[in-house]
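Working notes, structure below.
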Number of protein chains: 2
Amino acid sequence: MKDFTSTPPPVKHIAEPTVRRLSGYLRFLEAFDVEGHETISSGELARAGGTTSAQVRKDLSFFGSFGKRGLGYAVKDLIASLREILGLDTRWPVVIVGAGKIGAALAQYRGFGTHGFDVVGIYDTDPSRVGTRLNGVTVRADRDLEGDIATLTPRIAVLCVPGEAAQAALDRVVGAGIRAVLNFAPTSLVAPEGVTVRAVNMATELEVLAYALTNESRD
Amino acid sequence: MKDFTSTPPPVKHIAEPTVRRLSGYLRFLEAFDVEGHETISSGELARAGGTTSAQVRKDLSFFGSFGKRGLGYAVKDLIASLREILGLDTRWPVVIVGAGKIGAALAQYRGFGTHGFDVVGIYDTDPSRVGTRLNGVTVRADRDLEGDIATLTPRIAVLCVPGEAAQAALDRVVGAGIRAVLNFAPTSLVAPEGVTVRAVNMATELEVLAYALTNESRD
DNA sequence: AGTACCTTGTGAAGGATTTCACAAGCACCC
DNA sequence: GGGTGCTTGTGAAATCCTTCACAAGGTACT
Ligand SMILES: NC(=O)c1ccc[n+]([C@@H]2O[C@H](COP(=O)([O-])OP(=O)(O)OC[C@H]3O[C@@H](n4cnc5c(N)ncnc54)[C@H](O)[C@@H]3O)[C@@H](O)[C@H]2O)c1
Ligand SMILES: NC(=O)c1ccc[n+]([C@@H]2O[C@H](COP(=O)([O-])OP(=O)(O)OC[C@H]3O[C@@H](n4cnc5c(N)ncnc54)[C@H](O)[C@@H]3O)[C@@H](O)[C@H]2O)c1
């Protein structure tokens, strides 16, 4: 018999590291489910996600109570709960700005779609790129951006333009109503209150590695 | 007259967020230098990096004392100091494993080189990709991986293989002596003690955005 | 029905990081 | 040479995040 139903819980403010870990748990659970497992303990989840079992339980406890004491978590149920928590019980249309090397790679990335995100538009200033097709989506001129955002109502934009163009591109998508942006350009952008900007910065990632290598005298 | 010289400081253990911010400061300073500015205050640096001036000063203070009270920091000197702190006073050879869409995009990414990282090898199992050239580097067969690592002595590997192949690829590069890895596959990997693995996970980034959008009722 | 065993959920403790706030240093001007 | 104004460097306080540790709840087996 079903319980009546997935407690939409209190939830105050959740730390970003927690949200990142939840995403990681979900990723692992999906694979674990495919392998045919029915339940999982916080300990197993922790090992897979590189944390501790207490951390896993604490992370989940912010949103409700999903496990059975003595048994662990029902894999399928936990997947459903995590999807709901993360806002993945609906699909998210996404636009990509910049159809260069990285933009094209992303547009053709299948994992995008399998995680609930649909690329509904991709834009470029370069006339020679406009009109080419990437994974079923035709590259459109950047002047179509605002109109398309109005009609396709994506909520997320991915910026794959050169650093010099990134702030301007951000301003345009924000002006058109976008409130969540993933930025691949290696520049830090300023956005108005209420707009979430996340950056994927290759140089920073490599530099963190370089730092770790030069300071491996830590124990 | 030169001071005698950039204090190689005490330095205990530095938190990762600090290192990330230092990388961000460096990125901004390089642009700021090109614009011809000679000095910068912690406040300006903070605005550019999305933090506070106290945070900037605290971050730097772990490594020494780089500013002049009343004036701020000399841009060129601070750039040099940050490069040294991050281990960027030498160039880093890097190998890329997997010459698919993302691996190819990275291999052709110029920003890689301008930040001190040289792609010295790129490897793929697919015979149809082997032999193609990407930005001056020829794709080689994955069986050449261990030998090349021995002769080219890269210290960093970037994994751009499918999720199923990622752990095996990690094990191979680690076995060949690599101790720092950047993983683009959406799987969390386990590495032996002493090996630093960082992950760039597109799905997680988008999910954090989706979470932010669904919970924008935070003030 | 009772016992043994296992794993969750969670206050409380502990640790880490960020923010505060201010003394000290430096440049510039009168 | 003393005063003014600005900005750094840094202990101390505050906040945030993780880990601990254990009661509570559940299963399985006898
Ligand atoms: N290639 C990589 O692996 C990689 C990795 C990390 C970060 N990046 C960053 O991603 C961004 C793009 O890199 P890339 O390698 O794809 O470069 P690219 O030159 O291949 O692509 C950039 C594309 O953006 C288009 N563009 C320029 N201004 C535009 C605008 N205002 N609106 C729409 N489109 C515009 C250009 O026409 C071009 O097609 C850069 O900021 C780069 O630093 C790239
Ligand atoms: N394309 C993207 O935008 C994107 C974005 C984020 C993450 N990723 C991840 O990056 C990885 C690669 O994605 P992609 O889109 O480039 O896929 P792809 O299929 O285009 O490329 C994968 C390449 O790896 C090669 N390969 C497979 N096993 C290998 C092995 N053991 N050794 C060496 N090479 C091997 C394949 O021959 C292929 O050329 C995947 O894990 C994907 O999830 C891709």
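Proteins come first, then strands; the chains are lettered A, B, ... in the order of their sequence lines, and each starts at number 1.
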For Leu22(A) against Phe63(A), the heavy-atom pair lying closest together: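 Scanning both residues completely, I find the closest heavy atoms to be CD1-CE1, 3.5 Å.
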Closest contact, heavy atoms only, Leu170(A) versus Ala191(A):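 Minimum heavy-atom contact is CD2-CB, 4.0 Å.
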Nearest whole angstrom, please: distance from the [atom2] of [N] to the [atom1] of [X].
X	N	atom1	atom2	result
Glu44(B)	dC6(D)	CD	C1'	12 Å
Phe66(A)	dG26(D)	CZ	P	16 Å
Ile40(A)	dT7(C)	CD1	P	12 Å
Leu45(A)	dT7(C)	CG	P	14 Å

Inter- and intrachain pairs under salt bridge (Lys or Arg N to Asp or Glu O under 4.0 Å), touching residues 200-210 of chain B, at least two apart: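 Only Arg20(A)-Glu205(B), Arg27(A)-Glu207(B), Arg198(A)-Glu205(B) qualify under salt bridge (Lys or Arg N to Asp or Glu O under 4.0 Å).
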Exam field: side chain Trp92(A) to backbone Leu206(B), donor-acceptor pair closer than 3.5 Å: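 No; judged by distance alone, with no hydrogens or angles, the pair does not exist.
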N/O donor-acceptor pair under 3.5 Å between Gln55(A) side chain and Thr52(A) backbone: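 No, the answer is negative, given that no donor and acceptor are paired below the 3.5 Å cut-off.
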Tabulated below should be each protein N or O lying under 3.5 Å from an N or O of nucleotides 1-5 of chain C; please produce it.
none

Test of understanding: with salt bridge (charged side-chain N to carboxylate O under 4.0 Å, His left out), list the residues that count as partners of [X], not counting sequence neighbours.
X	answer
Arg57(B)	none
Arg69(A)	none
Lys76(B)	Asp33(B)

Pairs touching residues 158-175 of chain B that satisfy side chain to side chain donor-acceptor pair (under 3.5 Å), sequence neighbours left out: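 For residues 158-175 of chain B, and leaving out neighbouring residues, the side chain to side chain donor-acceptor pair (under 3.5 Å) pairs sorted by first residue read Asp142(B)-Arg172(B), Glu146(B)-Arg172(B), Gln167(B)-Asp171(B).
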Donor-acceptor pair between Tyr25(B) and Asp59(B) side chains, under 3.5 angstrom: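 Distance-only check passes for Tyr25(B) and Asp59(B).
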Contact letters for nucleotides 22-30 of chain C, in which S counts primed atoms plus P, OP1 and OP2 and B counts the base, heavy atoms under 4.0 Å: --BBS----
So does [X] get a side-chain nitrogen or oxygen closer than 4.0 Å to the phosphate oxygens (OP1/OP2) of [N]?
X	N	result
Ser41(B)	dT7(D)	no
Ser42(B)	dT7(D)	no
Tyr73(A)	dG9(C)	yes

Check nucleotides 14-18 of chain D for protein N or O atoms closer than 3.5 Å to its own N or O atoms and list the pairs.
{"residue": "dT18(D)", "atom": "OP1", "partner": "Arg21(A)", "partner atom": "NH1", "Å": "2.9"}
{"residue": "dT18(D)", "atom": "OP2", "partner": "Arg21(A)", "partner atom": "NH2", "Å": "2.8"}
{"residue": "dT18(D)", "atom": "O5'", "partner": "Gln55(A)", "partner atom": "OE1", "Å": "3.4"}

Contacts of type side chain to side chain contact (heavy atoms under 4.5 Å, CB included), residue Asp89(A), not counting sequence neighbours: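 By the side chain to side chain contact (heavy atoms under 4.5 Å, CB included) rule, Asp89(A) matches Glu84(A).
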Contacts of type side chain to side chain contact (heavy atoms under 4.5 Å, CB included), residue Leu152(B), not counting sequence neighbours: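 Side chain to side chain contact (heavy atoms under 4.5 Å, CB included) check on Leu152(B) returns Val120(B), Tyr123(B), Asp148(B), Pro154(B).
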Five-pair end axes of the helix from dA1(C)-dT30(D) to dC30(C)-dG1(D), angle between them (10°):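 Between the axes fitted at each end of the helix from dA1(C)-dT30(D) to dC30(C)-dG1(D) lies an angle of 10°.
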Residue pairs involving residues 36-56 of chain A (criterion ring pair (Phe, Tyr, Trp, His ring centres under 6.0 Å); sequence neighbours excluded):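 Listed by first then second residue: Phe32(A)-His37(A).
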